[in-house]
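Structure first, commentary second.
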Amino acid sequence: MSIYDTLNQEQREAVFHTEGPLLLLAGAGSGKTRALTHRIAYLIQEMGVNPWNILAITFTNKAAEEMRDRVDRLVGFGAEQIWVATFHSTCLRILRRHIDLLGYDNHFTIYDRDDQKTVIKDICKRFGIDNKQVKEQEFIHAISTAKDRLIGPVEYQMNVRYDFTRKKFGDVYQEYQEVMKKNNALDFDDLICKTVELFRSNPEVLLNYQERFHYISVDEYQDTNHAQFELVRLLAQRRRNLCVVGDDDQSIYKFRGADIRNILDFEKVYPEAKVIKLEQNYRSTPNVLDVANAVIRNNRGRKEKALWTRKEEGESVRFRQFDSAYDEADYIVGDIQERTGRGGCKYGDCAVLYRTNAQSRLFEERLVSEGIPYDVVGGVNFYSRKEIKDVLAYLKTIDNGQDDVAVKRIINIPKRGIGASTIAKVEDYAQMRDISFYDALREADNIMDIGKAITKIDAFVTLIQSFRSKVEFLNLGELIQDVLEKINFRDYLEDFDEDAQDRMENVEELKNKAAAFQEVHDDATLSLFLEEVALVSDIDQVEGVGSRVLLMTLHSAKGLEFSNVYMAGMEDDLFPSYQSLNAEDDSALEEERRLAYVGITRAKENLTLTCARSRRIHGEMQYHQVSRFVREIPDALLDSTEPVPKIRQVAWEDEGVERRAYDPRPKAKLPAKKPSAKPNKPFIAQGIEGLNRIAGVSKGMPYQAPVMPDYGVGDRVSHTKYGQGTVLALQKDVRDYKVTVHFDQAGQKIMFATFAKLKKC
DNA sequence: TTTTACTTCGTTTTT
DNA sequence: CGAAGTAAAA
């Protein structure tokens, strides 16, 4: 009896396939972490691979920790030698050693979103850009997107040509990189793309790591962006022992740069790749899986797979519609109360999932009034809280004065009466002498007409220097305590904030974390602590065994599971979001659908979908109809008090509802491509037929369904002016179809179907 | 320099 | 509606 006997056929295949590229398509709850950890154990135990030759990359610290724990339990010894880390901490480790080759100081700091914003704001001021017209956020986003695609400022500038707006973005991007370098700082995206840059420009360094990592695995591969793809490609290039695990159906992070093509095109990049699908689900009941499959099958361009399980049927998935969002919250909280009251489950088994953070409020109110313990996941990250960042900025300044953003943050915390004009003078001086802001403060007496502000500046510098002299003999907790006392932080908080108590508790918590850090790492330094802190997130802190109801967004729920899941706000325009419903193409809608799929597959036993006919959004009342995702579920699969208007379930009816997810051997080995659409008829047409049907059902909706043209993609058509051409694309727009035609004479045109008056020929 | 009244603007988020 | 940020007033 070996540890591999407990795996199913596909998992075992994945474990034993150690040489060459491997794509593991792992459906929700299909035991992918299990397969991955066993695979690593197999490499060490059976293949005699040295643990330090293995690299396992994840996205979150939590996933990394879990992976290490589980490998530890399987292997026993040597597991601590395996390099298990997130993308970012992997790159951080590499850059700490070699970034001097790119002209940076190896002691760089990491800037988060807030710090980035401060930098951008400053640049905009200098460039005379009004942040009301172009917000900082837009610059941050543009820069981040460029970096995700490995486009540096120079290349960006080359592509802007004469586009004035984009040129402005290019200028800001360039300046931003310069400021970052001057501040000796990297942002999160830099961590990845600077590592790629390092590898590209220093083949001997790359070779060093290629020779170190003989076997590489990447988890959540569907979430990788181009830079991460390239990083992995470079590392794996030599030995090609690359195992990527992911589920294209759970790709929900396109908006932050994830490129779904990385997983869809894996076989093109690695033609010799072996592909294994994990479809047996160990988490949910067949009822839940049927619903999940019914929804996700409406996406196209996915790797076809269908989850199944051997679990007992369980309860039906419920759907309830309410008049108001209050009633909805009432019902859900009542249901939680009832289920936990019966003793069947604990509060910690229940999770309420929603699309937007704002929806948490109503649930919080009801839970408070019922006295039910709960936690809200997400919102503001612990390390992003103002009071925490203040203390961290002090620590950063004490650690090294290079970080201008940190120094400027605390120069008036607490209020020291150093005004904007004084700061501007110091800034000018620093710029002139090409030194950091803090160094300029230290020699402030050289600055002309600084006036009596000099005493205030001196006091600040003396304070920081005194902390520096204590770093040697104080431990981290004591240092923080000393800072808090010397700056009277409590008084400062109480002066302007009524939640001073909460904030002070957070700071205490930070002190505890610092002390704990020191206990775990015997070589703990201030720098190492700041580094650790820079790369942790909120979801990392969610405990597995909870006794509290969890409230979170659908995004945060990925990777988690609960016995009772409530998906609230299942309404068109909320989920799927208004933006995705009105988008040009349906890729955004498909991403929302994947999000629905993620939500549904979080449920182990009970799933309840709810929605409200009316709710207040941005202060005004809005009326929504039932989410199309609910309407995509066949009635037979839903426990509903009234029938739900249906949408596009043709494909489902064709195969019959009797093919259930619990059937271990699906009849006819799953017809891979369902013959639902008639040949030559574009996919979009199906969606529109569905839309027409909804438009018919919903009462008094002023929705004017566009009339479907009688031609489709690939058809030959003629236009009165342009002559004959071929239809390249057909897209639904607000009240008409957009047709892209390549005319034999006139070339490619995009036009509205009603105006184009195209004739099929 | 700090407080106060007013405007603006609203997905999702890890690191 | 409510947070966050900004311009004007004290």
Side-chain angles (χ1 to χ4, degrees), chain A residues 57-64 85-92 110-117 121 130-133 135-137 140-141 144 147-148 186-193 219-220 223-225 227-228 251-258 325 353-362 377-381 383-384 386 412 415-423 453 456 495-496 531-541 552-559 569 573-583 588 591-592 594-596 598-599 615-622:
Chain A
I57 303 181
T58 61
F59 266 86
T60 64
N61 296 298
K62 194 180 172 209
T86 63
F87 268 106
H88 295 265
S89 60
T90 299
C91 291
L92 179 64
I110 298 167
Y111 276 8
D112 68 7
R113 254 305 216 322
D114 271 12
D115 305 326
Q116 282 180 289
K117 194 174 165 188
K121 213 175 196 164
D130 183 5
N131 281 132
K132 262 182 238 151
Q133 277 164 34
K135 282 164 280 167
E136 299 94 326
Q137 202 53 50
I140 294 175
H141 187 252
S144 174
K147 287 179 179 175
D148 285 351
L186 297 188
D187 62 33
F188 291 124
D189 302 311
D190 283 333
L191 289 175
I192 313 290
C193 59
D219 198 7
E220 306 281 13
D223 291 339
T224 51
N225 60 33
Q228 289 160 335
S251 161
I252 53 174
Y253 285 116
K254 188 182 171 201
F255 69 91
R256 69 176 196 214
L353 311 182
Y354 36 76
R355 179 65 236 267
T356 66
N357 282 307
Q359 288 169 257
S360 72
R361 282 186 59 133
L362 288 177
V377 179
V380 193
N381 187 321
Y383 291 102
S384 310
K386 206 163 45 183
N412 272 315
K415 299 249 148 53
R416 293 191 177 84
I418 301 175
S421 58
T422 308
I423 289 174
K456 297 167 184 167
D495 276 348
F496 77 108
E531 194 159 287
E532 157 107 354
V533 147
L535 296 178
V536 296
S537 72
D538 242 27
I539 195 79
D540 294 336
Q541 334 267 334
M552 68 185 105
T553 62
L554 289 151
H555 282 92
S556 307
K558 196 172 91 167
D573 286 352
L574 183 62
F575 185 44
S577 72
Y578 175 82
Q579 291 89 332
S580 69
L581 280 171
N582 288 65
E591 176 138 322
E592 297 276 305
R594 290 193 289 272
L595 191 55
V598 167
R615 72 171 66 228
R616 219 180 191 94
I617 292 179
H618 307 328
E620 63 179 322
M621 215 37 127
Q622 291 194 9

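No hydrogens, no waters, no symmetry mates; every other heavy atom, side chains included, goes into these values. Chain identifiers are assigned alphabetically (A, B, ...) following the order of the sequence lines, protein sequences preceding nucleic acid strands; residue numbering begins at 1 within each chain.
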> Okay, side chain of A:Thr90, backbone of A:Thr86: is any donor-acceptor separation there less than 3.5 Å?
Replying inline: yes
> What nucleotide, of B:dG10, B:dT14, B:dT12, holds the atom closest to the side chain of A:Arg256?
Replying inline: B:dT14
> B:dT7 P sits how many Å from A:His618 NE2, rounded?
Replying inline: 19 Å
>> For the base of B:dT13 and the side-chain ring of A:Tyr253, does the geometry meet a stacking cutoff of under 5.5 Å between centres and under 30° between planes?
In response: no
> Between B:dT11, C:dT6, B:dT12, which one does the side chain of A:Phe255 approach most closely?
Replying inline: B:dT12
> Looking only at side-chain N and O atoms, does A:Asn61 come under 4.0 Å of OP1 or OP2 in B:dT14?
Replying inline: no
> What interatomic distance, in whole Å, is found between C1' of C:dA3 and the corresponding atom of B:dT14?
Replying inline: 23 Å
>> On DNA chain B, does the nearest nucleotide to A:Leu191 precede the nearest nucleotide to A:Lys135 from the 5' side, or the other way round? Give the residue.
In response: A:Lys135
> Which part of the nucleic acid, if any, lies within contact of A:Phe59, taking any heavy atom under 4.0 Å across all strands shown: a base, the sugar-phosphate backbone alone, or nothing?
Replying inline: sugar-phosphate
> How would you label the contact of A:Arg616 with the nucleic acid (heavy atoms, under 4.0 Å): base, sugar-phosphate, or nothing?
Replying inline: sugar-phosphate
> Based on Watson-Crick and G-U pairs with both distances under 3.5 Å, what dot-bracket line describes DNA chain B 5' to 3', crossing pairs as [ ] and inter-strand pairs as |?
Replying inline: ||||||||||.....
>> B:dT14, OP1 or OP2 - any side-chain N/O from A:Asn225 closer than 4.0 Å?
In response: no
> What is the distance, rounded to the nearest whole Å, between atom NE2 of A:His141 and atom P of B:dT14?
Replying inline: 15 Å
> Between the main-chain N or O of A:Asp112 and the side-chain N or O of A:Asp115, is there a donor-acceptor pair closer than 3.5 Å?
Replying inline: yes
>> Any side-chain to backbone donor/acceptor pair from A:Arg594 onto A:Ser251? Under 3.5 Å, distance only.
In response: yes
> Between A:Ile617 (CD1) and C:dG2 (P), how many Å, whole number?
Replying inline: 14 Å
>> Main chain of A:Lys254, side chain of A:Glu591: is a donor-acceptor contact present, judged purely on distance under 3.5 Å?
In response: yes
> Can you tell me how far C1' of B:dT13 sits from CG of A:Asp223, to the nearest Å?
Replying inline: 11 Å
> Counting only N and O atoms by type, is there a donor-acceptor contact under 3.5 Å from the side chain of A:Asp219 to the main-chain atoms of A:Ile57?
Replying inline: no
>> Please confirm whether the shortest side-chain N or O distance from A:Arg361 to OP1 or OP2 of C:dG2 is below 4.0 Å.
In response: yes
>> In this structure, how many angstroms lie between the C1' atom of B:dT13 and the CD atom of A:Gln116, rounded?
In response: 13 Å
>> Rounded to whole Å, how long is the line connecting atom CG of A:Leu353 with atom C1' of B:dT12?
In response: 13 Å
>> Side-chain N or O of A:Thr553 versus OP1/OP2 of B:dT13: is the shortest distance under 4.0 Å?
In response: yes
> Would you say the side chain of A:Lys135 lies within less than 4.5 Å of the side chain of A:His141, judging by non-hydrogen atoms?
Replying inline: no
> Can A:Phe575 and A:Gln359 be said to form a side-chain contact (heavy atoms from CB on, under 4.5 Å), step by step?
Replying inline: CA-CA 12 Å; A:Phe575 185 44; A:Gln359 288 169 257; over 6 Å; no
> Counting just side-chain N and O atoms, does A:Ser580 come under 4.0 Å of either OP1 or OP2 of B:dT11?
Replying inline: no
> Which nucleotide, B:dT14, B:dT11, C:dG5, lies nearest any side-chain atom of A:Arg113?
Replying inline: B:dT14
> For A:Gln137 and C:dA4, what is the distance between atoms CD and C1' respectively, to the nearest whole Å?
Replying inline: 13 Å
> What does A:Tyr578 touch in the nucleic acid at a heavy-atom separation under 4.0 angstrom: a base, only the sugar-phosphate, or nothing?
Replying inline: nothing
> Base, sugar-phosphate, or nothing for A:Asn357, non-hydrogen atoms under 4.0 angstrom?
Replying inline: sugar-phosphate
> Between A:Asp189 (CG) and B:dT14 (P), how many Å, whole number?
Replying inline: 14 Å
> Does the ring center of A:Phe59 lie less than 6.0 Å from the ring center of A:His88?
Replying inline: no
> Can you check whether A:Val598 reaches A:Leu554 side chain to side chain, under 4.5 Å on heavy atoms?
Replying inline: no
> Does a nitrogen or oxygen in the side chain of A:Lys386 sit under 4.0 Å from OP1 or OP2 of C:dA4?
Replying inline: no
